[in-house]
Student: 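One structure follows; several queries about it will come next.
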Amino acid sequence: MFKTIRTKTAKFLDIWKQIEYWKSPLKQVIAFILFWVMFGAAYHSVEMGLVFLASMYAHEAGHAYVYRVNGIKNRVRLLFPLGAVAAPESKDEDVKSDKLPWNNVGWITQAGLIGNVILMFVGLGFKLIPVPFTVELGKNIVAANVYLAVFNLLPVWNLDAGLLFKVVFSSLGETGDKIVAWLITLIGAAAILVALINSGGPWQVLINLVSNMGWIAFAIVVTIGVIRKSTKDDPSYYLSTQAMRLPQVVIQLLAYLGVCLITLIFLMKLM
């Protein structure tokens with residue numbers, strides 16, 4: 001029974017099967033309506049449902065833009081209830097994307113997150129306009145993009161950070177290089193959390209730790225995800241001409257940590 005459940009789950013989570021199923025214009029309209037209803041019900045706000053849906057689409061538009069920069073024709077599709085995806089529009093384009101240097105692939109994976117960060121600042125700008133409607137709209141834009149970014153910053157499954165760390169560790173064949181990547185990511189994540197937790201004394205430290213358990217859980221999941229990703233690559237991949245050099249890996253990781261920092265700062269403002 002459990003094997004059957006796993007098989008059905010794997011088929012359901014097969015992105016390409018979902019793209020094939022939802023690719024027709026009519027099904028895209030249906031997916032849009034279903035997402036709007038789902039998000040609106042979840043946040044008890046029709047406006048927030050639309051903002052969340054628009055932010056999800058904008059996230060994928062970031063991926064789509066960098067795909068285009070790299071000469072890959074693609075489409076953004078809604079896959080209810082999995083989310084949205086920017087993917088090559090044909091098998092030929094998919095083959096072309098498979099041949100891209102992994103540094104370019106890394107930027108494709110991070111482009112959606114960077115798009116979310118840009119929209120956080122857009123939302124902040126709306127909040128600064130002294131009009132009730134724009135203030136509320138700004139809050140919704142910030143909240144939607146913070147939630148999307150936090151979710152995709154987790155290096156698991158086929159989420160953005162999961163794909164990023166897959167190409168990162170596939171590019172590193174030497175154990176020493178992998179340790180460098182581990183240290184940059186994990187020490188960087190820990191430093192961010194420490195910097196964000198303002199301590200005014202022993203009791204305040206305890207209060208902050210309890211109130212920020214969400215951040216700690218986030219750090220734990222990132223740690224587990226990074227270590228797991230580092231053990232799943234093929235050691236021969238680093239010999240590929242597509243592989244990143246160590247300086248490129250370092251830049252990718254610093255960009256990832258920068259997005260983590262900005263996102264968690266905005267998250268702190270929401271709490």
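Residue indices begin at 1 and follow the sequence shown. Just so it is clear, the values below take in all heavy atoms, side chains as well, and ignore hydrogens, waters and symmetry mates.
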Student: Check Lys17, Lys23, Gln18 against Glu20 for a side chain to side chain donor-acceptor pair (under 3.5 Å) and give me the one that passes.
Tutor: Lys23

Student: For the pair Thr263 (side chain) and Cys260 (backbone), establish whether a donor and an acceptor sit closer than 3.5 Å, ignoring hydrogens and angles.
Tutor: no

Student: For the atom pair CG (Leu148) and CG (Asp160), what is the distance rounded to the nearest 0.5 Å?
Tutor: 10.0 Å

Student: State, to 0.1 Å, how close Met56 and Gly83 come at their nearest heavy-atom pair, and which atoms those are.
Tutor: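 In terms of heavy atoms, the two residues are closest at SD-CA, 3.9 Å.
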
Student: Considering all heavy atoms of both residues, which atom of Leu113 and which atom of Ala149 are nearest to each other, and what is their separation?
Tutor: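 Closest pair (atom of Leu113, atom of Ala149, distance): CD2-O, 3.7 Å.
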
Student: Could you report the tightest heavy-atom contact between Asp94 and Pro88, atom names first, then the distance?
Tutor: N-CB, 3.5 Å

Student: Can you tell me how far CG of Asn158 sits from OG1 of Thr109, rounded to the nearest 0.5 angstrom?
Tutor: 11.5 Å

Student: Out of curiosity, Trp102 CH2 to Lys166 NZ, how far, rounded to the nearest 0.5 Å?
Tutor: 9.5 Å

Student: When you measure from the side chain of Gln252 to the backbone N and O of Met244, does any donor-acceptor pair fall under 3.5 Å?
Tutor: no

Student: When clusters are formed by joining ILVMFWY residues with side-chain heavy atoms under 4.5 Å apart, either directly or through shared neighbours, do Ile19 and Val76 land in the same one?
Tutor: no

Student: Heavy atoms, side chains only, cut-off 4.5 Å: are Phe266 and Leu124 in contact?
Tutor: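 In contact.
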
Student: Mind checking whether Leu159 and Val150 sit in one hydrophobic cluster, side chains of I, L, V, M, F, W, Y counted as touching below 4.5 Å?
Tutor: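 Same hydrophobic cluster.
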
Student: Once rounded to the nearest 0.5 Å, what's the spacing between atom CG of Asn104 and atom NZ of Lys99?
Tutor: 15.0 Å

Student: For Lys139, does the NZ atom have more than 12 heavy-atom neighbours from other residues, nucleotides or ligands under 6.0 Å away?
Tutor: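 12 or below, so no.
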
Student: Looking only at atom types and distance, does a side-chain atom of Ser170 sit under 3.5 Å from a main-chain N or O of Val167, one as donor and one as acceptor?
Tutor: no

Student: Is there a path of hydrophobic side-chain contacts, each under 4.5 Å between heavy atoms, that joins Leu163 and Leu172?
Tutor: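 Result: no, two separate clusters.
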
Student: Would you say that Trp107 contacts Ile251 through its side chain, given a criterion of any heavy-atom pair below 4.5 Å between the two side chains?
Tutor: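 Yes; the side chains approach each other to less than 4.5 Å.
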
Student: I need the minimum non-hydrogen distance between Trp16 and Ala87, along with the two atoms involved.
Tutor: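 Distance-wise, the nearest heavy atoms are CH2-CB, 4.0 Å.
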
Student: Would you call the rings of His59 and His63 parallel, tilted or perpendicular, where under 30° means parallel and over 60° means perpendicular?
Tutor: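 Ring orientation of His59 relative to His63: perpendicular.
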
Student: Please test Asn145 against Ser55 for side chain to side chain donor-acceptor pair (under 3.5 Å), starting from the C-alpha separation and ending with a verdict.
Tutor: CA-CA 6 Å; Asn145 284 279; Ser55 298; 3.1 Å; yes

Student: Answer yes if Leu137 and Val135 sit in the same cluster of Ile, Leu, Val, Met, Phe, Trp and Tyr residues linked by side chain heavy atoms under 4.5 Å apart, and no otherwise.
Tutor: no

Student: Assess whether a salt bridge exists between Lys96 and Glu93, defined as any Lys/Arg side-chain N lying under 4.0 Å from an Asp/Glu carboxylate O.
Tutor: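 Here Lys96 pairs with Glu93 in a salt bridge, since their nearest N and O are under 4.0 Å apart.
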
Student: Does the Glu60 side chain pair with the main chain of Ala86, one donor and one acceptor, at a distance under 3.5 Å?
Tutor: yes

Student: For a 4.5 angstrom cut-off between non-hydrogen side-chain atoms, does Met48 reach Asn140?
Tutor: yes

Student: State the OH-CG distance between Tyr147 and Asn152, to the nearest 0.5 angstrom.
Tutor: 15.5 Å

Student: For Ser97 and Ile72, work out which heavy atoms get closest and say how close.
Tutor: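 For Ser97 and Ile72, the tightest heavy-atom pair comes out as N-CD1, 3.6 Å.
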
Student: Just verifying a value: how many Å separate Ile141 CD1 and Asn116 CG, rounded to the nearest 0.5 Å?
Tutor: 12.0 Å

Student: Would one find more than 12 heavy atoms of other residues, nucleotides or ligands at under 6.0 Å from atom CZ of Arg68?
Tutor: yes

Student: Minimum heavy-atom separation for Ala64 to Asn74, with atom names?
Tutor: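 Between these two residues, the closest heavy atoms are CB-OD1, 3.0 Å.
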
Student: For Val156 and Phe165: C-alpha separation, side-chain torsions, deciding distance, then whether side-chain contact (heavy atoms from CB on, under 4.5 Å) applies.
Tutor: CA-CA 9 Å; Val156 296; Phe165 280 97; over 6 Å; no

Student: Using a 4.5 Å cut-off on heavy atoms from C-beta on, say whether the side chain of Phe52 contacts that of Met38.
Tutor: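 A side-chain contact under 4.5 Å is absent here.
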
Student: Show me the donor-acceptor pairs within less than 3.5 Å that the side chains of residues 26-37 make with the rest of the protein, sequence neighbours left out.
Tutor:
unit_1	atom_1	unit_2	atom_2	d
Lys27	NZ	Tyr21	O	3.1
Gln28	OE1	Leu78	N	2.9
Gln28	NE2	Trp22	O	2.7
Gln28	NE2	Leu78	O	2.9
Trp36	NE1	Val46	O	3.0

Student: Please test Asn103 against Val249 for side-chain contact (heavy atoms from CB on, under 4.5 Å), starting from the C-alpha separation and ending with a verdict.
Tutor: CA-CA 8 Å; Asn103 188 51; Val249 167; over 6 Å; no

Student: Please answer whether the main-chain N or O of Arg245 pairs with a side-chain N or O of Gln248 as donor and acceptor at a distance below 3.5 Å.
Tutor: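 Yes, because the side chain of Gln248 sits within donor-acceptor range (under 3.5 Å) of the backbone of Arg245.
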
Student: Return the orientation label for the Phe169 and Trp182 ring planes: parallel under 30°, perpendicular over 60°, tilted otherwise.
Tutor: tilted

Student: Between the main-chain N or O of Leu153 and the side-chain N or O of Tyr256, is there a donor-acceptor pair closer than 3.5 Å?
Tutor: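 Yes: the side chain of Tyr256 pairs with the backbone of Leu153.
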
Student: Do Tyr57 and Val117 share a hydrophobic cluster, counting only Ile, Leu, Val, Met, Phe, Trp and Tyr and linking them when any side-chain heavy atoms are less than 4.5 Å apart?
Tutor: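 No; Val117 is not reachable from Tyr57 via cluster members.
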
